[in-house]
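Structure first, then comments.
Letters go in sequence order (proteins before strands), and every chain restarts at 1. Just the heavy atoms: all of them, side chains too, but no hydrogens, waters or symmetry mates, feed the values below.
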2 protein chains.
Amino acid sequence: MDREVGVAQSSKREQLIQAALELFSLTGYSTVGVNAISEKAGVTKKTLYHHFKSKEELILAVLRYYDERSRNSFMRSVEEKAENSQERLLAVFDVVEEWFNSKNFSGCLFVSAMGEYPEEGASIRSVCQESKLMTQKYIQSLAENAGLQDARELSEQLMLLIEGSITMAQVNNSSLSAVRAKKAAKVLIQSSVSP
Amino acid sequence: MDREVGVAQSSKREQLIQAALELFSLTGYSTVGVNAISEKAGVTKKTLYHHFKSKEELILAVLRYYDERSRNSFMRSVEEKAENSQERLLAVFDVVEEWFNSKNFSGCLFVSAMGEYPEEGASIRSVCQESKLMTQKYIQSLAENAGLQDARELSEQLMLLIEGSITMAQVNNSSLSAVRAKKAAKVLIQSSVSP
DNA sequence: CTCTAAGTATACCAATCTGTATATTTTTTA
DNA sequence: TAAAAAATATACAGATTGGTATACTTAGAG
């Protein structure tokens with residue numbers, strides 16, 4: 001009955017998600033058709049609709065898949081880059097810079113999704129909110145472990161710098177914004193250590 | 001020959017741009033058809049294609065129109081809110097907050113456009129770049145007039161806070177990010193006045 | 001070995017999309 | 001007032017969209 005056991009847990013399903021992810025990153029959501037997605041995945045359209053009951057459901061699956069994978073690799077990279085929490089708080093911006101320089105970068109997938117499907121009060125928006133929230137919580141935990149004052153507020157402000165640098169990197173096709181954000185972050189952190 | 005003289009400089013053309021602007025703000029670009037636009041403008045599709053030779057040209061016209069109008073009203077609001085340049089540098093964030101609270105707010109139109117038409121190396125991307133650049137220059141001029149050190153770098157960092165707050169306001173449907181950005185901005189400005 | 005779920009292949013549907021054609025009417029301007 | 005430009009009304013073209021239907025094949029599990 002349930003074939004999703006063992007090692008190859010989700011062959012076709014994951015192929016579809018990955019294919020869709022690539023296409024959505026390149027040209028957005030509504031401009032990419034289900035035909036193109038199934039074709040790229042090397043799978044029939046019928047199979048696509050066997051795994052996802054609509055295009056919107058596929059989009060949601062893509063966002064959740066991307067969210068989990070990207071944040072995991074983000075945190076791993078941060079922890080590889082620095083030993084203690086204080087340094088990691090700044091290493092965040094180095095990882096962000098690397099992301100900007102990677103060839104797949106084309107802005108934030110969640111923000112793009114919300115721009116194209118703004119009314120989705122329930123699903124798409126909430127996935128996006130959740131993703132940003134978990135990133136903020138992670139940064140907050142770094143700030144707390146570093147013994148900084150008002151870790152919550154500081155982490156929210158650092159989020160603003162991160163999100164701003166994402167936008168500017170996309171607009172100007174440059175990773176310079178990450179360097180600038182790091183410089184600003186240093187100032188904010190410094191003012192948080194000395195009240 | 002050229003009917004665009006006198007007071008009513010562009011009746012139908014402007015109707016089209018305004019109608020398209022409203023629709024694009026609500027549901028993005030590719031999901032809105034030219035039929036819906038011309039209908040909302042109270043104009044024939046033929047008339048639309050008389051003024052704009054393609055949908056993409058209409059999008060560009062909308063972005064340019066919006067860019068000019070929004071930045072003008074932005075600067076006017078800032079200058080109404082505060083007398084001197086130092087105060088205006090912070091008043092920027094109050095104006096941003098008001099924008100977030102306005103009912104038309106749905107994120108940055110330029111960023112959304114770039115998300116949906118990423119390849120447009122020439123036109124759409126450059127309009128967006130230009131818009132952000134002029135905003136940054138304006139903030140830089142405020143910083144210079146306030147006699148702050150390293151006005152260029154400071155203005156770029158403040159831009160990050162602004163753009164980040166736009167994203168977070170869109171995501172969380174809240175204007176709180178503007179308040180947070182203002183607090184962070186105070187710290188950055190302070191550290192720029194005392195080297 | 002048989003049953004069933006998952007897959008392919010292919011064709012189709014109705015709706016919508018951008019953009020155009022034709023013929024007529026309104027408005028502007030010279 | 002007459003020529004020219006801009007608008008309307010309406011229909012259509014060709015492509016593409018999300019999603020479905022039918023018939024057949026493969027493969028895994030009990």
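With rounding to whole Å, A:Gln15 atom CD is found 13 Å from C:dA6 atom C1'. At whole-Å resolution of the value, NE2 in A:His50 and C1' in D:dC24 are 17 Å apart. In this structure, B:Leu48 atom CG and C:dT20 atom C1' are separated by 13 Å, rounded to whole Å. One interatomic measurement links the two molecules: CG of B:Leu23 to P of C:dC17, which rounds to 12 Å at whole-angstrom precision. When the C1' atom of D:dA5 is taken as reference, atom CZ of B:Arg13 falls 16 Å away, rounded to whole Å. One atom, CG of B:Leu16, and another, P of C:dT18, lie 14 Å apart when rounded to the nearest Å.
For C:dA6, neither phosphate oxygen OP1 nor OP2 lies less than 4.0 angstrom from any side-chain nitrogen or oxygen of A:His51. Considering only side-chain N and O atoms, A:Thr44 lies nowhere under 4.0 angstrom from the phosphate OP1 or OP2 of C:dT10.
Pairs engaging residues 24-33 of chain B under the side-chain hydrogen bond (donor to acceptor under 3.5 Å, both in side chains) rule: A:Ser30-B:Ser30, B:Ser30-B:Glu116 [sequence neighbours left out].
At least one donor-acceptor pair under 3.5 Å links the side chain of B:Arg125 to the backbone N or O of B:Pro118. A donor-acceptor pair under 3.5 Å is formed between the side chain of A:Ser102 and the backbone N or O of A:Trp99.
Between atom CD of residue A:Glu156 and atom NZ of residue A:Lys132 there is a gap of 13.0 Å, rounded to the nearest 0.5 Å.
Around NZ of A:Lys183, the count of heavy atoms belonging to other residues, nucleotides or ligands within 6.0 Å does not exceed 12.
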For nucleotides 16-23 of chain D, just jot down a letter per nucleotide in 5' to 3' order: B, S or -, based on protein non-hydrogen atoms under 4.0 Å. -SSBBBB-
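Summarising the hydrophobic clusters (Ile, Leu, Val, Met, Phe, Trp, Tyr; side-chain heavy atoms under 4.5 Å, direct or chained), the residues clustered with B:Val171 are A:Met114.
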